[in-house]
Amino acid sequence: MSRPDRGPSILRFAAPQNFYPLAGRLAPWFAGLAVVLTLVGLWLGFVVAPTDATQGEVYRVIFIHVPAAWMSMFIYLVMAFWSAVGLVMNTRLSFLMSQALAPTGAMFCVVALWTGALWGKPTWGAYWVWDARLTSQALLLFLYLGFIALTRAIEDPRRADRAGAIIALVGAVNVPVIYFSVKWWNTLHQGASVSLTKAPSMATTMLAGMLVMAIASWAYTLAVVLWRVRPMILERERHTEWVGAELMREALRQGGRA
Amino acid sequence: MQWESWSAFWNMGGAAFYVWGSYCLTFALIALELVLVFQRRKDTVNRLLRWRKAVGRNGRGNEQRAAAGPNGVAIE
Amino acid sequence: MLSTFFAVLRRDLLLAWRGRADVLVTLAFFVIVVCLFPFGVGAEPNQLRAIAPGVLWVAALLACLLSLHRLFAQDHVDGTLEQLLLSSEPAVLWVTAKVLAFWLTTGLPVVAVAPVLALLLDLEQGGLPVLVISLLLGTPILALLGAVGAALTLGLRGGGMLLALLVLPLFVPVLIFGAGAVEAELSGTGAAAHLLLLGGGLAGALALAPWGCAAALRVSTE
Amino acid sequence: MLSTFFAVLRRDLLLAWRGRADVLVTLAFFVIVVCLFPFGVGAEPNQLRAIAPGVLWVAALLACLLSLHRLFAQDHVDGTLEQLLLSSEPAVLWVTAKVLAFWLTTGLPVVAVAPVLALLLDLEQGGLPVLVISLLLGTPILALLGAVGAALTLGLRGGGMLLALLVLPLFVPVLIFGAGAVEAELSGTGAAAHLLLLGGGLAGALALAPWGCAAALRVSTE
Amino acid sequence: MLEAHDLACLKGDRLLFRGLALRLEAGGLLRVAGPNGVGKTSLLRLVTGLALAEAGEVRWRGTPIRRDREAFHRELLFLGHAPALNDLLTPLENLRFACAAAGDDIDEQSCITALARIGLENQLDLPARVLSQGQRRRVGLARLFLAGQRPLWVLDEPFTALDVTAVADLAATLSDHCEAGGMVMLTTHQDAPFARAPAVLDVGVYAC
Amino acid sequence: MLEAHDLACLKGDRLLFRGLALRLEAGGLLRVAGPNGVGKTSLLRLVTGLALAEAGEVRWRGTPIRRDREAFHRELLFLGHAPALNDLLTPLENLRFACAAAGDDIDEQSCITALARIGLENQLDLPARVLSQGQRRRVGLARLFLAGQRPLWVLDEPFTALDVTAVADLAATLSDHCEAGGMVMLTTHQDAPFARAPAVLDVGVYAC
Ligand code: HEM
Ligand SMILES: Nc1ncnc2c1ncn2[C@@H]1O[C@H](COP(=O)(O)OP(=O)(O)OP(=O)(O)O)[C@@H](O)[C@H]1O
Ligand SMILES: Nc1ncnc2c1ncn2[C@@H]1O[C@H](COP(=O)(O)OP(=O)(O)OP(=O)(O)O)[C@@H](O)[C@H]1O
Ligand SMILES: [Mg+2]
Ligand SMILES: [Mg+2]
């Protein structure tokens, strides 16, 4: 280790060379958790949960739709949080975390939109209506895409970090504004003609399935983000000795396999 | 148990397209994301290994290149 | 302290005057986009009247969006921005001056012609004052938020379009309240609430955006 | 003879690939403009459906218009254009190659996503094929005519906006026939006449625009 | 006054130089030398605070420049590759704005004198767009005549595009500034007739 | 071979020069001299046919260049102030395209050799955007090594931003080209070690 490990126990992991192995060790556990919970959730959703009285079987989309929608919003908040931490404390790792989160957030956003659209066709008769919640979800996707496009378009990593952090924060300030404005806009024009028809008196099994799936997607996010951030750390820290050692180990592993 | 048979299960009460369309796309996207993540890892490691070989052990340039200068033009 | 502010403001206004063509053409763009609609949508008066506030607001937004890249691009290329960042005065000052000059030369003219175009689209006359006020409150927000985006995308390839992608989601609330104000007025609900919200947004943007923009500029030239 | 053509075509496609962001973001712009409309106009499905063909066509036109400045600007600034004009090959050749590459990287993607957006605006499904065909015929005309405008405004201050002003009047007929084709199809009149006219326009533009563009380039760099 | 320790500069994959140290005292004239692409421009941008060093630190009067940016920039004059001219403005307007933007309050007459001194008396009211390469550079350089109170001048290839007499004049101006206790740090590939031979910092020595 | 009579150049309302005549025979090396802003760049643009003279005419092998543009441009290589580099492309791609665009059919290997000869073998696959000033110029100049069959080279300030060794190399290359029966017309404010002293055309003499 080139740098001495300083500081209290938790902050120690803010140093990339400590975080890197930790991430490597944690990720498989989260991935395993995600698989198990997904299986449980699907079992609850498809086997235990009863057919919905009004919607029939279509409602089973809910077991991914709602967790995906929740995750997509939650991930943006986390992203903005790490960006703020990065800007204030000037820790490179935080920027990396927010950049590693973005693609997954965008992915969940697409999933929520897609499943919502597929769900909308049989229930509302159209794949898309300009409802407040749908619209703000679409705008959230644009916020993600803007963040990703901006950080990709900038070559200099330090500039990319900071520029991305700024736009993530600006976006975060705007998320509630967007949400409420869209909501108001829609109710002004539409009245109640379109609203999310909540499954009446959601059965506890349904709720349980949804919650299990939500935790599963949370675990999945952690796993995939940790996996994604690891090569990013290597890339950034490539001039340090510990990355050199890590790469040698990696080369040996590859050589051994070949 | 809700389902009379497998075919009833796959049919999803007539909503097969919507339900399975949702789940298929979701899992396809997740699979794609995982593939991309691991591919990126492999690419990065290979690229960095190549880079290290080119630049020298510590990322600091080996003696020969340092002496030759950045353009390979010897500096007197 | 304020001398930098006024130096930048004076210069940018002078530049706008020298490059009058630019300012006129932003306006012309606004006019043309509005006039395209009848061609695309068909000239049925009722339909046109119904979509008039929306079309006007969308066109104003696009006109603002498309001149945004001008805000810092030239100064970036010719090295002026570098010099401004090396100034011993705080960057927020001259950033604000630049945004103000930008709004005076693009936002204000758009606000000024909007009523004429509204008449072309046969908007009811009662809506005109609200249209103007909503534009007066809304276009500065667009300029302020857009400045942050312009600063972030400075010198990037695909910059202009990337800028559009970044700021459009931020512009949507402004558009909603702006167009909404006019429609609310026409439908008899009254536009006060919308206008108040726009005013609040403007105050917020004024307080925050210059700082964000200054930070973004420093990041972008680093 | 054709080696210059292919060299330029290959390079421009390579550049587009290197700057993928550019191409994607043009598309994103198209998408965003279409999505803005409901915010401005209101989300009432019937109204949206009625203006859908017009909005889509106007958005395609704007997306094309706004990427036009990319066509020669970079090459002009860095001196490549000068070198191309000093080439011993006729300029029409490489001008055509540049316009073709431009259309492949901006027009074609727009045509490709248009049907999806049409669904968002709830356009009736019968209109989709006509929409796509009209865009396939129309966007190359926009690119060809736009290239002449881009060449004329090269390096002028206020270029981008001046360009808009110059070419929009030329684009209007394309818009009318393009959006008209879809509306005619939906209203049951049949779109054949409109599409034929667009095809004729395309043939004419193909035959004339490259020459005009080459001449304009020579004038602009003099 | 100006010192840097152990500077390293990373560009993309390439570590341009590392362990670079420099020291510039009042009256010093430092020429940053080295072949093309060795990192001279990059070094100047680190020293002025326009870019962030990968390692090491730049100090001005003992304080790291990041710590007290404004104080440092009040005493610095940097002229980079790009001459910071707006094409629509005349040389006079450009110069006045450049001074005002930097925070100097200079009246019009002084600007006119400075431009005349650098040989642009006939181009005072042409738009900068039509100037020749050498004339464009001169407009930028005219600021040197108005920046006597700024001790540290950092110049990137100031002699580019200048004709022989202008090179001699500029060299004399720089020598005078050092004579008066100022500091100059510059890069150039051309020889110029300085009053005293400048100290040379060869970036190539620190190249990786 | 190349001759011009009675050339006049008008910029805005200023007549830069008039009555300018020049003549360049095979093997000739002509240096266009004069102070900044006298009209050297403007003259080169007239000679290459990129701009139109106010009066007078340029002839190549006896024919006015406007008359048979393509034949003239087949034998001409012009490198202006701007190095004609696209920032996204690598030096290699830029060079190959420059050759193809000019109508020369050059294979990749020759381009690599030319770039290596000019000192860019380590920069072959960097985007041109990140190159240093001197490296950018070098990419443009690499075309000289691939344009042996074009007799007339017109170069505007080719030595700008180049380091000392590169200046010497370039001067040698130009001398060789003349030796082999080519023609070179260039502007520069710097002295360069040509094998034979170039003929000098002082534009200042014809200035108005
Ligand atoms: C493209 C279309 C759709 C999008 C973008 C979308 C988006 C969202 C979002 C963002 C949420 C989380 C909001 C929150 O918890 O406050 C959500 C929740 C939900 N959505 Fe959707 N949705 C769509 C279509 C649908 C459809 C068609 C239905 C059913 C008819 C539906 C039913 C639900 C339900 C039941 C919830 C859970 C509500 C709650 O927990 O409060 N969604 N959706
Ligand atoms: N992303 C990158 N990857 C590899 N090398 C890079 C990258 N960015 C810049 N470089 C190299 O960094 C160097 C930048 O040098 P700089 O502009 O400081 O040179 P310089 O000493 O000023 O040269 P000149 O005399 O030509 O002006 C160049 O050699 C360039 O090739
Ligand atoms: N519109 C105009 N009105 C007046 N003078 C003009 C106009 N346009 C250009 N000029 C003058 O014409 C000259 C252009 O000269 P040119 O660029 O050919 O000079 P040069 O000899 O190449 O100089 P350098 O050595 O600086 O490159 C400049 O002196 C410029 O001031
Ligand atoms: Mg340099
Ligand atoms: Mg010149």
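Atoms considered below: every heavy atom in the structure, side chains included; atoms not considered: hydrogens, waters and symmetry mates. A, B, ... follow the sequence lines: proteins, then strands. Residue 1 opens every chain.
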For this session: Please lay out, stage by stage, how F/Arg138 and F/Asp163 fare under the test salt bridge (charged side-chain N to carboxylate O under 4.0 Å, His left out).
Result: CA-CA 10 Å; F/Arg138 287 175 189 224; F/Asp163 59 24; 3.1 Å; yes
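Judged purely by atom type and a 3.5 angstrom limit, D/Ser67 uses its side chain to pair as donor or acceptor with the backbone of D/Ala63.
Chain D is approached within less than 4.5 Å, heavy atom to heavy atom, by no residue from residues 6-23 of chain F. Interface residues of residues 34-54 of chain F toward chain D, defined by a heavy-atom distance below 4.5 Å and sorted by number: F/Arg45, F/Thr48, F/Leu50, F/Ala51, F/Leu52. Residues of residues 66-81 of chain F that come closer than 4.5 Å to chain D, counting heavy atoms only, are F/Arg66, F/Arg69, F/Glu70, F/His73, F/Arg74, F/Leu76, F/Phe78, F/Leu79, ordered by residue number.
Taking the charged nitrogens against the carboxylate oxygens, F/Arg96 and F/Glu108 do have a contact shorter than 4.0 Å, which makes a salt bridge.
Among residue pairs with one or both ends in residues 140-150 of chain F, those qualifying as salt bridge (charged side-chain N to carboxylate O under 4.0 Å, His left out) are F/Asp104-F/Arg150; sequence neighbours excluded.
Contact check for F/Ser110 versus F/Leu146: side-chain heavy atoms found under the 4.5 Å cut-off. No side-chain heavy atom of D/Leu145 sits under 4.5 Å from any side-chain heavy atom of D/Val167. Side-chain atoms of F/Ile118 and F/Asp169, non-hydrogen and from C-beta on, never get closer than 4.5 Å to each other. For the pair F/Leu152/F/Trp60, a side-chain contact is recorded, criterion being any heavy-atom separation below 4.5 Å from C-beta on. Taking the side chain as every heavy atom from C-beta outward, F/Leu201 and F/Tyr206 approach each other to under 4.5 Å. Taking the side chain as every heavy atom from C-beta outward, D/Phe102 and D/Asp12 never approach each other to under 4.5 Å. For the pair D/Phe37/D/Val58, no side-chain contact is recorded, criterion being any heavy-atom separation below 4.5 Å from C-beta on. Side-chain contact check for D/Leu71 versus D/Leu68: some heavy-atom pair is nearer than 4.5 Å.
Neither the backbone nor the side chain of D/Arg10 comes within less than 4.5 Å of any heavy atom of chain F.
Chosen from D/Leu81, D/Leu84, D/Leu85, D/Asp78, the residue pairing most often with chain F at heavy-atom distances under 4.5 Å is D/Asp78.
Note that the CG atom of F/Leu89 and the CG atom of F/Asn94 stand 5.0 Å from one another [nearest 0.5 Å].
Remark: the F/Asp176 side chain and the F/Thr173 side chain contain no N/O donor-acceptor pair separated by less than 3.5 Å.
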